[in-house]
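Encoded as structure tokens, the structure appears first; notes follow it.
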Amino acid sequence: MIDLRELKERKSEILANIKARNMKINLDEIIELQEHRSTLLQQTEALRANRNENAAKMKGKLTNEERAVLIEEGKALKEEIAVLESELRAVEDEYLRLGRTIPNYAHPDAPLGTDESDYAILRHVGSPPLFSFTPKDHVVLGEELDLIDFDTATRVSGPKFYYLKREAVVLQMALERYALDITLKRGFTPFITPDIAREEILLGIGFNPRGEESNIYTIEGMDACLVGTAEITLGGYYAGQVLDKKDLPIKMTGLSHCFRREAGAAGQYSKGLYRVHQFSKLELFVYCLPEDSEQHHRELLAIEEEIFSGLGIAYRVVDTCTGDLGAPAYRKFDIEAWMPGRGENGEYGEVTSTSNCTDYQARALSIRYKDDDGKNHHVHMLNGTAIALSRAIVAVLENYQNEDGSITIPPALVPYTGFDTIQPRN
RNA sequence: GGAGAGAUGUCCGAGUGGUCGAAGGAGACGGACUCGAAAUCCGUUGUACCGCUUGCGGUACCGAGGGUUCGAAUCCCUCUCUCUCCGCCA
């Protein structure tokens, strides 16, 4: 969440940002709640001061009569306080609930725009492969080579699930380890994280665990959800803590399953492995000083690029427009890899995303560091995809297919797979 | 899953209704002593919010939430977590 104390002084800025993000929020209502809360809080505290003063008078020896008078006064105060406190709680809950919906400020250089087409393409790296034949998409390749089984998964688990088989299993693990090694080289501490997180953590990270539009599976009877990304568990790792300044930056790389409901997501762009209910992902996460977050954001992007360019797959880097930023993100870069099987003649498809969420999540989760002046400040928090295994497999299979139906393993992966080709089945 | 014990400040630890934001010790910081250090002595040392703003005043917080009371770290209820023993288990 943003710092709600700045609501009034930065009002026009906040309004402009809400508009740029194509959101609808009634800011005046929140400001009214804030003022109401402030009034109630001051009244409540004044009454509590009276109560404490009254109680203090009764410490010494008193006649029964004197005591009786004070007790009566105390009883009256108690009732007044109870009424105000319940009103205060109601107003405060609503104030915070609505206040949390205000999005983070956006980076001044983030492209303005309300939909996906307003992004800025920062650069293209590599060139899409030229095929002397009509390339297949990964669904066809996965079936012909008996690498991916969607049909059985649909019967056993439901639509948008899949079994990986044979070389695809080794390929996934190879990609995992390949990407992990790159992050380790960069000084990230590796984690395998829980796949379930408490709702309060989800909320703090900026996910909405409930409701029709939520992409999150909640767990019946528990105050918890299946995670959609390890961003949640890595970002929740230090919730409520005051970190030592000398320990920053904290750089983590975490492997988890990712579960997404993807309600209503259908169509050609979501076929096959591209959009599924469960996949595995290696996620990068950084906690750092505010003044360092832009530099760390660039590093996260550089790591993502190193991972994809190392695979020899063409990609472009996109600076996401304001309308397409998640509420916590101050700025977001995506990598879109070339996928020959996507669309009519191949298209770029999103494979990674890195966001600088500044202090937005840290404030909601209360993650701070003690500065040299002895004061506590919120850290900046950033996340990025090292590799989303399902989409990486799409990219590898489609880009490295051969006319005879075989798949060449990208050279960087061969040390991890132990084979250099997936041969066609007879 | 069963039985028992516990949760207090940075840490250890005292505290069974008002004199407790909390004894005592450790640590850290400042100062004295010293050529310097150790030892010793003196002082300071939680967080959040609110109000006037060099500073001061107020409120809240003793695992969490509720309750009793004029008044709760202290009494009652619920929950969570930790530890020990038993059972089960990858």
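Letters A, B, ... are given to chains in the order of the sequence lines, protein chains preceding strands, and every chain is numbered from 1.
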Review item, nucleotides 16-23 of chain B N/O atoms under 3.5 Å of protein N/O:
{"from": "B:G18", "atom 1": "N2", "to": "A:Ala55", "atom 2": "O", "distance (Å)": "3.2"}

Here the ring-ring contact (aromatic ring centres under 6.0 Å, His included) pairs for residues 141-183 of chain A, sequence neighbours left out, are A:Phe161-A:His277

Among residues two or more places apart or on two chains, list those pairs meeting ring-ring contact (aromatic ring centres under 6.0 Å, His included) that have a residue in residues 225-251 of chain A.
A:Phe191-A:Tyr237, A:Tyr238-A:Tyr287

Could you give the CD-to-P distance, from A:Glu79 to B:C70, as a whole number of Å?
10 Å

Nearest whole Å is fine: how far is B:G65 C1' from A:Glu85 CD?
14 Å

Under 3.5 Å, which protein N or O atoms sit close to an N or O of nucleotides 76-80 of chain B? Give each pair with its distance.
none

Mind checking who [N] pairs with, Watson-Crick or G-U wobble, both distances under 3.5 Å?
{"N": "B:A22", "answer": "none"}
{"N": "B:U44", "answer": "B:A28"}
{"N": "B:U16", "answer": "none"}
{"N": "B:A64", "answer": "B:U78"}
{"N": "B:G57", "answer": "B:C50"}

Review item, nucleotides 57-60 of chain B N/O atoms under 3.5 Å of protein N/O:
{"from": "B:G58", "atom 1": "N2", "to": "A:Glu45", "atom 2": "OE1", "distance (Å)": "3.1"}
{"from": "B:U59", "atom 1": "OP1", "to": "A:Asn52", "atom 2": "ND2", "distance (Å)": "3.1"}
{"from": "B:U59", "atom 1": "O2'", "to": "A:Arg48", "atom 2": "NE", "distance (Å)": "3.3"}
{"from": "B:U59", "atom 1": "O2'", "to": "A:Arg48", "atom 2": "NH2", "distance (Å)": "3.3"}
{"from": "B:A60", "atom 1": "OP1", "to": "A:Arg51", "atom 2": "NH2", "distance (Å)": "2.6"}
{"from": "B:A60", "atom 1": "OP2", "to": "A:Asn52", "atom 2": "ND2", "distance (Å)": "3.3"}

Kindly write out the residues that satisfy salt bridge (charged side-chain N to carboxylate O under 4.0 Å, His left out) with [X], not counting sequence neighbours, or none if the list is empty.
{"X": "A:Glu336", "result": "A:Arg316"}
{"X": "A:Asp149", "result": "none"}
{"X": "A:Lys24", "result": "none"}

Looking for any heavy atom pair under 4.0 Å, which part of the strands does A:Lys78 touch: base, sugar-phosphate only, or nothing?
base

Comparing A:Leu70 with A:Arg89, nearest RNA chain B nucleotide closer to 5' gives the residue A:Arg89

Check each residue of residues 235-247 of chain A for a non-hydrogen atom within less than 4.0 Å of any atom in RNA chain B, then write out the ones that pass by number, or none.
none

For RNA chain B, what residues of residues 3-11 of chain A have any heavy atom nearer than 4.0 Å?
A:Arg5

Side chain to side chain contact (heavy atoms under 4.5 Å, CB included) filter on A:Ala179, not counting sequence neighbours, yields A:Leu282, A:Ile307, A:Ile387

Would you measure the distance from the C1' atom in B:U68 across to the matching atom in B:A14 and give it in whole Å?
26 Å

Answer yes or no: is there an ion pair linking A:Asp244 with A:Lys370, defined by an N-O contact shorter than 4.0 Å?
no

What residue pairs, at least two apart or across chains, pass side chain to side chain donor-acceptor pair (under 3.5 Å) with a residue in residues 41-56 of chain A?
A:Ser38-A:Gln42, A:Arg48-A:Glu85

